[in-house]
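Have a look at the structure below, then the notes.
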2 protein chains.
Amino acid sequence: MTGSGNKSAAASSPPPKAVVGRLSLYLRELQHLLRDGHETTSSTQLGRRLGVTDAQVRKDLAYFGQFGYPGIGYRCEELVTQIKAILGTNQEWPVAIVGVGNLGQALLGYHGFRRQGFRVEAAFDISPDRIGKTFEGIVVQHLEEIPITLAEKKIRIGIIAVPGHAAQKVANQLVSSGIAAILNFSPVTLSLPETVPVVGVDLAIELEQLSFAVVNQAPNT
Amino acid sequence: MTGSGNKSAAASSPPPKAVVGRLSLYLRELQHLLRDGHETTSSTQLGRRLGVTDAQVRKDLAYFGQFGYPGIGYRCEELVTQIKAILGTNQEWPVAIVGVGNLGQALLGYHGFRRQGFRVEAAFDISPDRIGKTFEGIVVQHLEEIPITLAEKKIRIGIIAVPGHAAQKVANQLVSSGIAAILNFSPVTLSLPETVPVVGVDLAIELEQLSFAVVNQAPNT
DNA sequence: TAGATTGTTAATCGATTAACAATC
DNA sequence: TAGATTGTTAATCGATTAACAATC
């Protein structure tokens, strides 16, 4: 017997970030497969859907253990459970949003977060116009409340959606309030202690990648 | 004389995607340096700010030409101009948004796009509640109008911000209307012709990368 | 059994870093 | 000139792919 819950072959070296990124994609795809009634899948099927090779799927998963059944493939439900455990989304994560402008409000209302185990439980802003208002059941608080609220609600992940010029200051406040990780939507590079992982999403930069591709059209292999 | 506008050493092999991604980061940083009154910078300074090595900065730029001055470094303004030309953002790009829910509305109002040369010029939805409404000066149209409007407004880049179950259909409509590239915010993998580049941004996945980092805390090198 | 598919090792490929002559 | 910094080549490192014995 090979698979199922076997963590014995746990990674000795830490997995590259790219692998963790793909792990999330595998999870997403597996959830779609499940919804479509598939009981099992294979590295070939999964890879084809995501545009990666079957070997890569198997190699990526091998960083974390043995989850498959030779001759059969992977049981979708089981693999979903396993990947969630690896990513830490088998638990609920309360998160905070700082900056309740356009983007912050959209993130507050984004149901996709909840579906994957993230629940926005606090929102902060500096504008008197917004403080005290309620969005999606969350009352916007002043930035000053960050330390107390993070502690009270055991929030470890913060989302920054303030204008660029305010982002570093907000990041510092989050860090000094003990945040464990930051998702940054501001178009700036944050300078933070190495112990606080950051993921940056710059919407303009994503579009730039596309304008480059269009201008240098037909990257004909 | 080495630098300035010299495109002679243009890339023979196509630059890896990772390089183009960093190019956008260099551009962003250079714009900050300019605003802070810096006339020149160096691969070391740029790299330190972004957490990459000086060698990598120079190597990345070398894919596209020679832009620096030995002994001096890079003139910020000049390099900004050069990188914009490479990325194609020395021109204005009209873009369309499909899906005017929470996220779509936020994207419509996002000023960061405009700053980098992207202008939202059309918005589409399927809901009668939203069609005809105006957001940020843009009247929401029915999905049916996509072909006519894209042609009229010469829109080549489309942003998908519809629920996952509708995304593939919308993508097909965009493609058959001649879109050149797609930015996809829906949590699904789109299957598209190879000629249409896609960038996917899945907000839940970004958070998953952070929960992984927190759970596997202290990736102590 | 024959067919399918895994996990893993070895081979290949590509990307990053180090080093340094050339230049200002 | 001495000091700084580029562009580029060679060396290193890491990630992807191919191949295959083991397994169901």
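Letters A, B, ... mirror the listed sequences (proteins, then strands); counts begin at 1.
Here the side chains of A/Tyr63 and A/Pro16 are in contact, with some heavy-atom distance below 4.5 Å. At least one side-chain heavy atom of B/Pro15 sits under 4.5 Å from a side-chain heavy atom of A/Phe212.
D/dC24 atom P lies 17 Å from atom CZ of A/Phe67, rounded to whole Å. Atom CD1 in B/Ile72 sits roughly 12 Å away from atom P in D/dG7 (whole-Å rounding). At whole-Å resolution of the value, CG in B/Asp54 and P in D/dT6 are 8 Å apart.
Residue pairs meeting the side-chain hydrogen bond (donor to acceptor under 3.5 Å, both in side chains) criterion with at least one partner in residues 95-121 of chain A, sequence neighbours excluded, are A/Gln31-A/Gln116, A/Glu92-A/Arg119, A/Arg119-A/Glu121. Residue pairs satisfying the side-chain hydrogen bond (donor to acceptor under 3.5 Å, both in side chains) criterion with at least one member in residues 51-61 of chain B, sequence neighbours excluded, are listed as follows: B/Arg22-B/Asp60, B/Tyr26-B/Asp60, B/Ser43-B/Arg58, B/Asp54-B/Arg58. Listed by first then second residue, pairs satisfying salt bridge (Lys or Arg N to Asp or Glu O under 4.0 Å) with a partner in residues 153-169 of chain A number zero, not counting sequence neighbours.
The shortest distance between the side-chain N/O atoms of A/Gln66 and the OP1/OP2 oxygens of C/dT8 is below 4.0 Å. Within the 4.0 Å cut-off from OP1 or OP2 of C/dC24, not a single side-chain nitrogen or oxygen of B/Tyr74 is found.
Contacts with DNA chain C (heavy atom under 4.0 Å) in residues 27-38 of chain A: none are found.
Side-chain N/O atoms of B/Glu78 and B/Tyr69 include a donor and acceptor closer than 3.5 Å.
Stem regions for DNA chain D, each three or more consecutive Watson-Crick or G-U pairs with both distances under 3.5 Å and listed by first number, read C:3-24 with D:3-24.
A distance of 10.0 Å separates CG in B/Asn90 from CD in B/Gln82, rounded to the nearest 0.5 Å.
Put simply, the residue from A/His32, A/Arg28, A/Arg49 that forms a side chain to side chain donor-acceptor pair (under 3.5 Å) with B/Thr189 is A/Arg28.
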Contact list (N/O, under 3.5 angstrom) for nucleotides 15-18 of chain D vs protein:
| residue | atom | partner | partner atom | Å |
| --- | --- | --- | --- | --- |
| D/dT16 | OP1 | A/Arg22 | NH1 | 3.2 |
| D/dT16 | OP2 | A/Arg22 | NH2 | 3.2 |
| D/dT16 | OP2 | A/Gln56 | NE2 | 3.2 |
| D/dT16 | O5' | A/Gln56 | NE2 | 3.0 |
| D/dT17 | OP2 | A/Thr53 | OG1 | 3.1 |

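For the pair B/Ser186 (side chain) and B/Val162 (backbone), a donor-acceptor distance under 3.5 Å is present. Under a 3.5 Å cut-off, the side chain of B/Asn184 and the backbone N or O of B/Val188 do form a donor-acceptor pair.
At a threshold of 4.0 angstrom between heavy atoms, the contacts of B/Thr44 with the nucleic acid are absent.
Closest heavy-atom contact between A/Gly88 and A/Trp93: O-NE1, 2.6 Å.
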